[in-house]
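In each ligand, atom 1 is the first atom listed, and ligand 1 is the first ligand listed. We use all heavy atoms of the structure for the numbers below, so side chains are in, but hydrogens, waters and symmetry mates are not.
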Amino acid sequence: MRRFTSIADIVSGPGLASALTDALTLKAEPWRYPEVGRRKTLGLLFMNPSLRTRMSTQKAATLLGMDTMVLNAGSDSWTLETRDGVIMEGGATEHIKEAAAVMGQYCDILGIRTFAGLQDRDADYNERILESFIRYAGVPVVSLESATRHPLQSFADLITIETLKRKPRPKVVLTWAPHPKALPQAVANSFSEWMMQADVDFIITHPDGYDLAPSFTQGAVVTHDQRAAFEGADFIYAKNWSSYTDYGQILSKDMDWTVTAEKMRLTNDARFMHCLPVRRNMIVADEVLDGPWSVVIEQAANRVVSAQTMLLHMLRELAR
Ligand code: SN0
């Protein structure tokens with residue numbers, strides 16, 4: 001793979017089934033390929049905060065014998081301009097064109113984390129920042145969450161479901177839940193896109209006005225009745241997102257959508273999932289997160305497996 005920015009890169013590369021087999025192998029035997037990344041450098045550029053992506057990707061690189069360099073744009077490097085053709089008279093010091101090209105000189109693979117601005121829907125959905133970084137870096141690029149997707153998270157989510165499912169085709173529910181801030185649609189988009197390709201019955205539930213972009217949810221069952229969706233579910237995946245149609249707006253903070261123990265009891269003893277960081281008692285009640293349903297820590301642990309699998313495929317391609 002020359003790039004890993006969405007499930008499409010896996011489907012047109014190694015194939016999803018084969019990537020999943022590799023992931024399960026690496027989960028069982030993390031040190032199986034300690035030499036593959038020898039004398040290779042992974043550069044990670046964060047334009048937004050990160051805990052799991054940062055640490056799990058570094059850990060994944062270490063397991064493959066790679067060196068890692070991490071840069072936080074704006075705090076330990078220059079602030080970056082990402083628009084084309086602007087007069088740089090404002091706060092941004094360096095253009096992403098030079099920054100990406102220079103990082104490409106030092107690194108064999110680059111990762112970039114950038115969030116949706118939630119102002120200009122076209123700019124976000126065209127992935128302007130990620131795509132210009134790819135254009136100017138000159139080396140393979142892995143998305144560490146972009147404006148519209150979080151593929152390393154979604155792959156970890158799929159690994160989690162595959163390893164914990166108790167029937168061949170589990171019922172998986174993505175539920176919107178309330179949050180104090182306007183958040184990107186990236187995690188929900190991505191999860192939906194992956195679940196549509198997985199062997200699961202997939203249902204999305206959210207309040208009126210929170211429909212995701214049709215390109216990510218085409219064919220998925222969508223309902224505004226959260227309780228009906230929970231009935232018989234094997235996995236509950238909670239996430240907040242801001243409106244796609246009323247772009248970036250918060251239309252509801254309705255706490256009736258919080259995932260509670262009472263709602264979990266409607267399910268088929270479902271596992272509770274969230275990508276983290278999670279707002280306790282907004283998204284999910286303490287008793288769920290601290291109770292037997294929650295698999296959020298195992299899910300986070302699978303972020304290492306997800307990143308390691310993707311890096312392994314990219315390193316093999318570099319060696320060709
Ligand atoms: C991010 C998001 O895309 O929703 C990252 C998830 C991996 N989440 C947040 O920004 C949460 C911020 C907050 O204030 O709770």
Cationic tip of Arg316 within the cone over Tyr33's six-membered ring, i.e. under 6.0 Å and within 45° of the normal? yes
What residue and heavy atom of the protein are closest to atom 1 (C) of ligand 1, and at what distance? Phe115 CZ, 4.0 Å
Begin from the C-alpha positions of Arg169 and Asp199 and carry the test salt bridge (Lys or Arg N to Asp or Glu O under 4.0 Å) through to its verdict. CA-CA 6 Å; Arg169 196 176 162 84; Asp199 195 13; 2.6 Å; yes
Flag Lys239 as yes when one of its N or O atoms lies below 3.5 Å from any N or O atom of ligand 1, and as no otherwise. yes
Nearest protein heavy atom with distance in Å, relative to atom 5 (C) of ligand 1: Glu145 OE1, 3.6 Å
For ligand 1, which atoms have a heavy atom of His179 less than 4.0 angstrom away? 13 (C), 14 (O), 15 (O)
Working for side-chain contact (heavy atoms from CB on, under 4.5 Å), residues Trp31 and Leu63: CA-CA 6 Å; Trp31 286 104; Leu63 290 170; 3.3 Å; yes
If we check side-chain contact (heavy atoms from CB on, under 4.5 Å) with Pro151, which of these qualifies: Ser306, Ser146, Ser6, Ser143? Ser143
Side chains of Asp211 and Tyr244: do they bring a donor and an acceptor to under 3.5 Å? no
Which protein heavy atom lies closest to atom 11 (C) of ligand 1, and at what distance to 0.1 Å? Leu183 CD2, 3.9 Å
For Tyr125 and Asn189, test the side chains for any donor-to-acceptor distance below 3.5 angstrom and give the result as yes or no. yes
Go through it in stages, so that I can follow the logic: the residues are Gln197 and Ile7, the test is side-chain contact (heavy atoms from CB on, under 4.5 Å), and I'd like the CA-CA distance, side-chain angles, deciding distance and then a yes or no. CA-CA 9 Å; Gln197 305 238 15; Ile7 192 169; 3.9 Å; yes
In ligand 1, the atoms that come under 4.0 Å of a heavy atom of His150 are 7 (C)
Heavy atom of Leu276, distance to ligand 1 below 4.0 Å: yes
So between Pro49, Pro184, Cys275, whose heavy atom ends up nearest atom 6 (C) of ligand 1? Cys275
Ligand 1-proximal atoms of Ala186, by part, heavy-atom distance under 4.0 Å: neither
Of all the atoms in ligand 1, which lie at a distance below 4.0 Å from a heavy atom belonging to Arg279? 13 (C), 14 (O), 15 (O)
